[in-house]
Amino acid sequence: MRSVAHMSTKKTKLQQLENELAELKINYKNVASNLSFTINNSLNGILIVNTSGLIVLANPTAHKLFEKNENQLIGQDFDFPFLASEKVELDIVQKNGAVIIVEMTVMDTIWNNEPCFLITLYDITDRIQSKKSLEKQKCQYQRIVETASEALCEIKEDGTIAFVNENFCKLIQTPQKKTIGNSIYNFLHREYHGYIQNHLSSPNCSYPLRFDCKIQTKTNHTKWVIVSLSLIRDDNKTISGALVMMTDITDRKNSEEALSLLASKFNHFTDHTCLAFVEITSDYKIISWNNAAEKIFGYTKSEALNQSINLIIPAEERPNTNLIFQELKSKSGGNEIKLFNQRKDEKLIYCLWMNELIRNSKGDIESVVLLIHDITKEHKRHEAIEESQKNLSAILSSIDAAVFTLDENIQISLSNKAAQRLFQYSEREFVRMPFQKLLSKNYSADFIQGILGFLTSSDNLFRNKKTQDIKAVRKNGEEFDTEVSLTKIKIFGQEKLIALLLDITERKQHQQQLMRSQRLESIGLLTSGIVHEMNDVLTPIMLSIEYLKFAAKDLDLADCLNSLETSAKHGQELIEQLLTFARGKDTTHTLLNPYRLLYDVESIIHETFPQSIKTSIEISEELWLIITHPTEFHQILMNLCINSKHAMAKGGILSIKAENMVIDENYCKQHIDAKVGPYVVIHISDTGSGIPKDHLNKIFDPFFSTKPQGQGSGLGLSTVYSLMQNHGGFMQVSSKINEGTDVSLFFPASKPKEKPLIKPIKKDQLYGNGELILVVDDEPSILSITENILKRNNYNVVTAQEGSEATAIFAQKKRSIACCIVDMMMPVMDGYATVQALQAMSPEIKVLLISGLIDTYDLKRHFEKNVSYLNKPFTAQILLHSLQKLLTA
């Protein structure tokens with residue numbers, strides 16, 4: 001039994017040993033894998049050499065050091081001498097002739113179960129070269145100190161002299177033994193002690209101390225020397241002392257004082273100026289870098305020195321910079337350039353470079369001095385001013401109204417072309433002209449007082465309450481009606497007044513036409529009221545005359561009754577004319593071609609008018625159809641032709657011309673009775689006596705006549721005017737004394753319009769995304785409700801009550817404004833002028849034009865893109881849909 005148990009125990013131990021062996025194998029593989037990874041990724045060269053001196057493994061760094069691939073290196077003899085556990089410096093010659101110095105260490109190791117050597121190669125080229133350079137510098141320093149013609153000494157931080165050269169002893173006339181260990185301050189006048197003490201206690205000081213000084217010699221003689229003191233720092237950059245150099249300048253003091261002063265000023269300039277002082281070598285290496293350069297570009301002096309000047313020049317500017325430097329080297333004198341530079345934080349700045357070459361006595365280039373001024377703010381301000389000037393010029397040139405910029409003394413400082421045309425002054429004549437000189441004396445005093453009050457108020461818009469009554473004065477003394485509006489605006493950071501003057505002479509004429517129409521309408525209403533009563537009076541009279549004529553046998557009485565009947569009928573005709581004038585007869589109009597009707601009229605004229613009156617007729621064969629009644633049409637034309645006949649008592653030419661015409665929005669603005677659409681226009685012209693100018697406004701008034709008393713009722717042209725209104729048309733009259741009269745009749749033509757298809761509007765098309773919308777309308781109620789609708793539907797809104805205010809707001813916020821909603825009919829600066837001004841500042845701005853009547857043909861002719869329109873009245877849904885459609889176009 002014990003034997004069986006013993007065997008079982010041995011098996012267990014054997015199993016444990018096998019497990020441990022397996023684990024060791026796994027660990028070995030891991031160690032081998034890690035070792036292989038470490039060797040292959042080591043920055044040092046690693047070789048495995050067997051005891052026969054053959055290389056069995058080399059890592060990538062070793063391949064790079066020996067410039068040999070794996071086939072060239074593995075299996076080769078390692079023919080460098082080496083001893084185990086020793087360090088050896090080896091020189092490896094590269095293919096290009098360069099020598100790499102490596103430090104080789106050798107260690108015993110086991111590789112693939114065989115004893116080998118692990119050789120590590122450290123590249124110490126930079127360290128050796130630095131060491132040699134330092135030793136060379138030390139030797140050079142020692143040689144310079146010993147052979148220097150200047151007096152040199154090294155002092156400790158407390159001023160104790162630690163070393164002197166022979167020239168220093170000669171200068172102060174004191175032996176070396178008595179000089180070393182003495183204080184430097186014992187040889188200098190007291191007034192200069194503070195210079196050295198302050199310099200030695202300034203840890204942040206990075207420049208040498210240089211000053212002229214008086215020293216006291218052993219024989220009590222005073223000498224002038226130049227002292228140059230450079231701080232000596234230890235490895236921790238802590239000041240441990242200073243190297244002092246003294247140059248005897250006693251014999252040259254007078255000339256050296258000027259040179260010293262110049263050097264002092266230069267040093268002060270470079271250290272305290274706001275200009276970056278940078279000096280570079282002929283191959284563009286930085287050798288000088290002042291405090292301002294650190295501040296402007298963000299690089300410290302240590303970071304910038306010995307770097308290429310391209311450190312502060314962005315890549316896209318470098319080709320231009322190289323050309324500039326080459327040009328500078330090829331000529332005498334400096335140059336100035338402006339270019340973008342790059343800071344350490346990669347921020348671009350705009351700088352002015354003032355460059356100058358430094359040459360030696362032989363004329364060879366020693367270096368290039370750069371004075372660099374950061375003009376980023378000035379550049380941006382200049383760009384802003386240029387943009388403001390462009391915007392202002394664009395606004396002024398696009399406005400048809402006269403525009404002036406006024407200073408605080410209400411004098412003109414700037415005017416646009418429209419102002420020069422309107423007032424007949426040149427641009428130079430306007431400068432410093434008192435604004436009141438452009439206004440009539442009857443209005444200027446009160447208006448200027450209003451402007452002065454406006455200047456001190458918080459309002460941004462000023463209009464005189466009696467604007468319609470203000471008259472302006474041209475250079476020739478001619479007065480005309482004007483409308484004036486003033487706006488406060490900032491130009492180049494200064495608050496100015498912008499005055500807009502609009503010639504409203506035509507508007508006055510339109511108002512007179514409107515008043516005339518209203519007057520005729522009032523007379524018509526009055527006439528309609530009395531016609532019925534007059535017919536009631538005339539009806540029994542006419543009936544009684546018929547009865548009396550049947551009953552009476554007396555011839556004389558019959559003649560009397562005939563006379564009464566004629567007079568009553570004349571009265572009846574007169575009432576019919578009054579009724580036609582007042583509201584027109586209930587006549588059914590039909591669609592007719594005026595071509596045949598015109599020739600009927602021409603035939604009547606030819607048969608009934610005197611031979612002394614010649615007739616000329618010119619009618620287009622493709623006249624559009626008009627809705628009329630033949631009798632009314634003949635009445636209109638015959639009334640006018642008869643008037644022409646009376647005006648040509650001695651004969652003349654009567655011309656009739658008919659043509660098609662489409663009237664647009666611009667035409668409607670100048671003719672109050674006109675409406676947009678197609679018309680047939682009939683011109684009736686004569687060469688008669690003409691109508692006096694003061695009678696032209698009265699010719700359509702009832703009972704007004706220029707004929708002798710008893711030869712006309714004065715209802716002819718009134719009836720024509722009324723009939724034309726019944727047709728939905730209008731008429732225009734022009735005349736000159738002794739030259740004739742021209743009457744133009746505008747009959748609306750039948751030209752059916754296609755109704756636009758209305759697509760259903762989705763709710764998600766009505767909401768905005770926070771866009772900023774500029775709304776311009778002179779009606780406060782419309783402005784308010786439009787603003788509320790837009791804000792409720794996720795838009796931001798800014799408003800203006802007229803065009804000049806809108807342009808001022810847009811100039812400040814144009815980068816944020818997504819779209820403008822502009823009313824077409826506004827005082828002073830209408831919708832057309834406003835949109836032209838906005839597009840001059842930003843051609844891509846989108847505009848939604850709103851009016852009660854817009855001619856789309858004329859609109860497209862004025863504005864080619866980014867403009868849509870909307871007719872009043874409109875719903876909120878249509879407004880939002882039109883705005884969304886324009887924004888997403």
Side-chain angles (χ1 to χ4, degrees), residues 24-147 163 232-238 240 285 302-303 305-308:
L24 286 174
K25 287 181 179 180
I26 292 173
N27 290 338
Y28 175 77
K29 287 183 180 180
N30 291 336
V31 170
S33 175
N34 291 337
L35 178 61
S36 177
F37 177 82
T38 302
I39 291 173
N40 288 330
N41 291 278
S42 174
L43 297 177
N44 298 315
I46 296 177
L47 300 174
I48 301 295
V49 179
N50 61 20
T51 54
S52 301
L54 298 178
I55 299 172
V56 296
L57 183 141
N59 72 344
T61 305
H63 288 301
K64 184 176 179 182
L65 285 173
F66 290 104
E67 294 185 321
K68 292 181 179 180
N69 59 32
E70 188 172 357
N71 293 331
Q72 294 172 328
L73 204 57
I74 302 301
Q76 301 297 317
D77 287 333
F78 185 71
D79 54 359
F80 288 96
F82 62 88
L83 296 174
S85 304
E86 288 189 4
K87 293 182 179 179
V88 180
E89 290 185 5
L90 299 177
D91 292 345
I92 300 176
V93 180
Q94 301 284 293
K95 291 179 180 180
N96 60 4
V99 177
I100 296 178
I101 304 172
V102 298
E103 182 181 83
M104 183 178 71
T105 59
V106 182
M107 297 177 59
D108 293 330
T109 187
I110 300 296
W111 188 260
N112 293 333
N113 298 323
E114 293 182 2
C116 292
F117 298 103
L118 174 66
I119 300 174
T120 304
L121 304 172
Y122 300 92
D123 186 350
I124 60 171
T125 306
D126 292 340
R127 188 176 71 189
I128 294 299
Q129 290 178 349
S130 298
K131 183 178 179 181
K132 290 180 178 179
S133 177
L134 181 61
E135 290 176 353
K136 183 179 179 181
Q137 288 177 358
K138 286 182 178 179
C139 293
Q140 289 177 344
Y141 172 75
Q142 187 69 26
R143 193 161 51 249
I144 290 171
V145 169
E146 291 174 353
T147 61
F163 167 80
I232 299 174
R233 301 176 186 268
D234 56 21
D235 294 339
N236 296 324
K237 296 187 178 180
T238 303
S240 60
K285 296 293 183 182
S302 59
E303 290 174 329
L305 291 180
N306 295 321
Q307 297 295 321
S308 170

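Note: hydrogens, waters and symmetry copies are ignored here, and every other heavy atom, side chains too, is used.
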If you look at every heavy atom in A58 and H63, which pair is closest and at what distance? O-NE2, 3.4 Å
Going by side chain to side chain contact (heavy atoms under 4.5 Å, CB included), M104 matches just one of L47, V88, T120. Which one? V88
Nearest heavy-atom contact between I55 and L73 is CB-O, 3.7 Å
Where is the tightest heavy-atom contact between Q72 and E67, given as atom of each residue plus distance? OE1-O, 4.2 Å
Without swapping roles, check the side chain of Q94 against the backbone of L65 for a donor-acceptor pair under 3.5 Å. yes
Pairwise salt bridge (charged side-chain N to carboxylate O under 4.0 Å, His left out) hits with a residue in residues 109-127, at least two apart: E103-R127
Check whether T125 reaches the backbone of I100 with its side chain - one donor and one acceptor, N or O, closer than 3.5 Å. no
Take a 6.0 Å sphere around CD of Q76 and say whether it holds more than 12 heavy atoms from other residues, nucleotides or ligands. yes
What are the two closest heavy atoms between K285 and S308, and how far apart are they? CD-N, 4.3 Å
Looking at every non-hydrogen atom in both residues, tell me the closest pair between F117 and N50 and how far apart they are. CD1-O, 4.0 Å
Of all the heavy-atom pairs spanning I128 and I101, show the shortest one and how long it is. CG2-CD1, 3.6 Å
Examine distances only and state if a side-chain atom of T109 and a backbone atom of C116 form a donor-acceptor pair shorter than 3.5 Å. no
Contact check, side chains of Y122 and T105, non-hydrogen atoms, under 4.5 Å: yes
Can any side-chain N or O of S42 pair as donor or acceptor with the backbone N or O of N44 at less than 3.5 Å? yes
